[in-house]
Amino acid sequence: MEYRPRILLIVTERSPLQRLWEAVEEHLSGTGEEVVALYVKDERWRRAASLPFTREVSRVSGSHREFTPQRAAQLDQDTVSQVRSRLGALAIRAELQPVFEVLAEHEVSRIRNYVRVEEDLLVISADVRSQPMYQELTQLSCRTVCVDAEEREYE
Amino acid sequence: MSVGLEQSRTLSVPVEHLRRACQPLATKARQSAKELAAASCLGQARAVEALRFGLQLDRDGYNIFVLGPLGSHRHVLVEELARERAKERDVPDDWCYVNNFANPDRPRALRMPPGKGAEFRSEMSALLEEIRLAIPTAFEADDYRNQLKALEGESQREVQALWKDLNKDAEEHGITMLQTPTGYVLAPVRDGKVLDDDDFQKLPAKERKSIQATIKRLSNELKTRIESLPKLHKQYHERIRELDQEVTAHAVTVLIEDIKKKYLQLPDVLEYLDDVQRDIIENAKAFRTDEAPVLPFLARDPSDLFASYEVNLVVSNESDTPAPFVYEVNPSYPNLIGKVEYRAEMGALLTDFRMVRGGALLQANGGYLVLDAHRVLARPFVWEALKQALFAKKVSIESPAESLGFVSTTSLKPEPIPLDIKVVLVGERWLFYLMSAYDKEFNSLFKVVADFDDDLERSADNVRVYSNLIMQRIQEKDLLPFKDAAIQRVIEERARHADDSERLSTHIQSLDDLLVQADYWARQRSSADVDTDDILVALRGREQRLSRVQKRILDAIQRDTLLIDTAGECVGQINGLSVMQLGEFRFGHPVRITATTRLGNGDVVDIEREVELGGAIHSKGVMILAAALAARYARDTPLSLHGSVVFEQSYGGVDGDSASVAELCALLSSIADIPVRQSIACTGSVNQLGRVQAVGGVNEKIEGFFETCRKRGLDGSHAVIIPADNIKHLMLREDIIEAVAAKQFTVYAVRHIDEAVALLTGVPAGTRVNGGEFEEGSVNRKVEDQLVAYARKRREFAESAGAG
């Protein structure tokens, strides 16, 4: 079976998608890499929404509204959909067809299943560092590129 | 019993009266340059005086209406006199339209001394060029960048301070601020993990209560800070704006102050420059935008930034020129009043003060505007707009639809410009009388009438000046020199054009046409000058070109399609003479008139009238001749006649009373049963007393009958009877003069119907002997006898009918 290197893109709802994708494109070697985008859902919304007293304060007006589990689920769904759509648009321009997967926060251990060899590349955004899953990612044996909104750094 | 040779000779018009020849001219006097110039006003003394009066009287409503036929050189004379007067008048001011910064839909009009408008426009243009460079330079300076950075830093610190406090407060109480796509959610956190409901319920009640209270407090605090953000942003932008204005003011004030010094005497201009300065400073940001727009087609031309400070010079005069004189050949609404133009931009029509265009009224403001009346009336809305402008003494540039209130979309309404103008309307007489009758405002706006004469008296002095006029036209048209004899022939032709041997036509266009055509023929024969023959060739050539219908009628007569006898005699049948005007060509031809009579009720039927082919004047003529008949014969017996007259083979309209002599003669012939000579044609109108009166087109009528007879062969019997009062109008062709001189053709002139009757019948008309009956054997005696016989028969008929 032919081996195809894989670029693993870790995305959250706050990830700078444009910058991440630019990093992906920069690392394409033209050898037919497979691009896999893993969207890790922020469980904090769901947890906060389970509390009966939490409110969402509008960024525009400061007004309050109930933050229910349904609202959190809806936000999750909308965010996943938007991220998927934007990645799709970016990939079309690069003539790529990335695989898109959604992981819950407690499923992050599954990420290691996607990494097969040391030649694979992990592309993450800087905000991931402050999330619990970052610990899991540091255990992976592949190369990692961390992208900030302003700059990229290699680890 | 016949009309004697002596009487015929008495009534025949002597050859020398058939055409009044022009006497030899005084060549030296004719060539005086001063006289040549003066000749252009020939025959128009009254009109010239009226024009001078109107041009000099600077009062409301003293505009001028110039009446006169086309081709009478009204425009030339008006221009000459108006330009002469314009030299005495002050040069009017310049006018510019500039942006009204307070209300851009109402462009502002700036008045400036003559010549200053163009100067101001170029100075403003140079100023904008300097500003275009000065402003970006000021904004690129380090000083500005440093101040800008300082402001940005200050603003960021203020915003950060807001969140920093809040975050710190939240963290201290174990609360995290989660971001959602649309806002923030405050939630309790323990060991870096957001608590869910299960975890939360495990906390002590007191702590739960405290967390809830803290979240509520922080939410309210968050709301307050979010609400204060726009204010912070606004403050930031205001500081930037103030900084920009400060920098811009520094860059432009000096430049604008320099211009102001030149216009200290013009408060309006100073005020405008203040507005410009204020606007540039207020819109400082616009002048330093160097970012490309998101959509390339939205990119603005950098010059557009300064468009609102441009100057639209709508009226420009030079300080050392006379007051303006404008002849607007196409006085459409936009050409006269002005217009607001539009440009298409991304599917929309846009405009601004720069697209306001002045019309002829503004161009001639302070001077003279000449318009053709028929063109003014033929173009929609123009007459009303002109009147409105003259009454209001100002020009408001707006579309006709707007002025009528038909447009609801916003457009420009430029500030009206005061109007001080003398309008000269040039038109034909009928137009003047119509306007005068149907528009009551017309007379109060056009109080001066300059009436151009069609002709002038053919006095010796006038002939001399007329020859100067001819010379002047020859010079102006750059024609070959005309021999004296040729000029004499032209003058004769001008008398013919005036239809009067004692007058000369002042219709310059037709004079020019004759001169140009004669010049053409002279050149055709490689001559160095124009001779009499060239004039004749030009005249005959013109006639030839226009005479298709005339020839067709003559052919029809020759081929007996149109029945005209030129020999023999016939009762109740006479050759009348008709004139046809086709465009500018007029010709005469004979027409057969017949009359029938019988016992009747005293009425004479005009068949033309009955079938509505006769005009009112013709009907009047017939009624007059019927009255003449009734008044003249058997006055003490009822007129028991039924007569009818008709123009045979006439299928078009007939008007005029010039056939009434012929009609009466035909009736008398029919009543008296005396034949009429067919070799004679007759024209003239008659009054109730039998007096023959002058008619029009007498030359053409004679020529028409002469042509008919000539084609059949002149034998000396052919003649035309005309009213004696028409002798002065005779200017017949040379070939007719020759025929008359050779006694092959005769022109008779009569004063009374009796003279015509005698000539036509060859029988004396007869007079009443001692106030009793007419002479035995005379025409009148036979007429009266027949009428008395009719009356007797009628009475007998009535009696027998009554007895029956």
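Fair warning: this is a prediction, and the values are worked out from it, not measured in the lab. Lettering follows sequence order; numbering is per chain, from 1.
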Tell me if a side-chain donor or acceptor on [X] pairs with a main-chain N or O of [Y] at a distance below 3.5 Å.
X: A:Trp45; Y: B:Gln179; value: yes
X: A:Ser58; Y: B:Gly183; value: no
X: A:Arg59; Y: B:Pro181; value: yes

Atom of B:Ile226, atom of A:Ser61 and distance for their closest heavy-atom approach: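 Heavy atoms only, the tightest pair is CG2-C, 3.9 Å.
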Heavy-atom pair of closest approach, residues A:Ala48 and B:Val185: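 That would be CB-CG1, 4.1 Å.
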Exceeds 12 heavy-atom contacts within 6.0 angstrom, atom CD of A:Gln139: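 Yes, the 6.0 Å shell around CD holds more than 12 heavy atoms from other groups.
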Over 12 foreign heavy atoms within 6.0 Å of CD, A:Gln97: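 No.
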Quick check: do [X] and [Y] have side-chain heavy atoms less than 4.5 Å from each other?
X: A:His64; Y: B:Asn220; answer: yes
X: A:Arg55; Y: B:Leu186; answer: no
X: B:Pro188; Y: A:Leu51; answer: yes

Aromatic centroids of A:Phe53 and B:Phe200 separated by under 6.0 Å: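 Ring centres of A:Phe53 and B:Phe200 closer than 6.0 Å.
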A:Arg65 and B:Thr182: side chain donor to acceptor below 3.5 Å: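 Short answer, no.
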Interchain contact, B:Ile215 with chain A, by part (heavy-atom threshold 4.5 Å):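 Contact with chain A is through the side chain of B:Ile215 alone.
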Rounded distance [0.5 Å steps], OG in A:Ser50 versus CG in B:Asp198: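 It comes to 7.0 Å.
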Interatomic distance, A:Arg44 atom CZ to B:Asp196 atom CG [nearest 0.5 angstrom]: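 Going from the CZ atom of A:Arg44 to the CG atom of B:Asp196 covers 14.0 Å.
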Sorted by number, residues from residues 74-88 of chain A in contact with chain B (heavy atoms, under 4.5 Å):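 The stretch touches chain B at A:Leu75, A:Thr79.
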B:Asp199 and A:Arg47 ion-paired at < 4.0 Å: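 Looking at A:Arg47 together with B:Asp199, the answer is yes, because their closest N to O distance falls below 4.0 Å.
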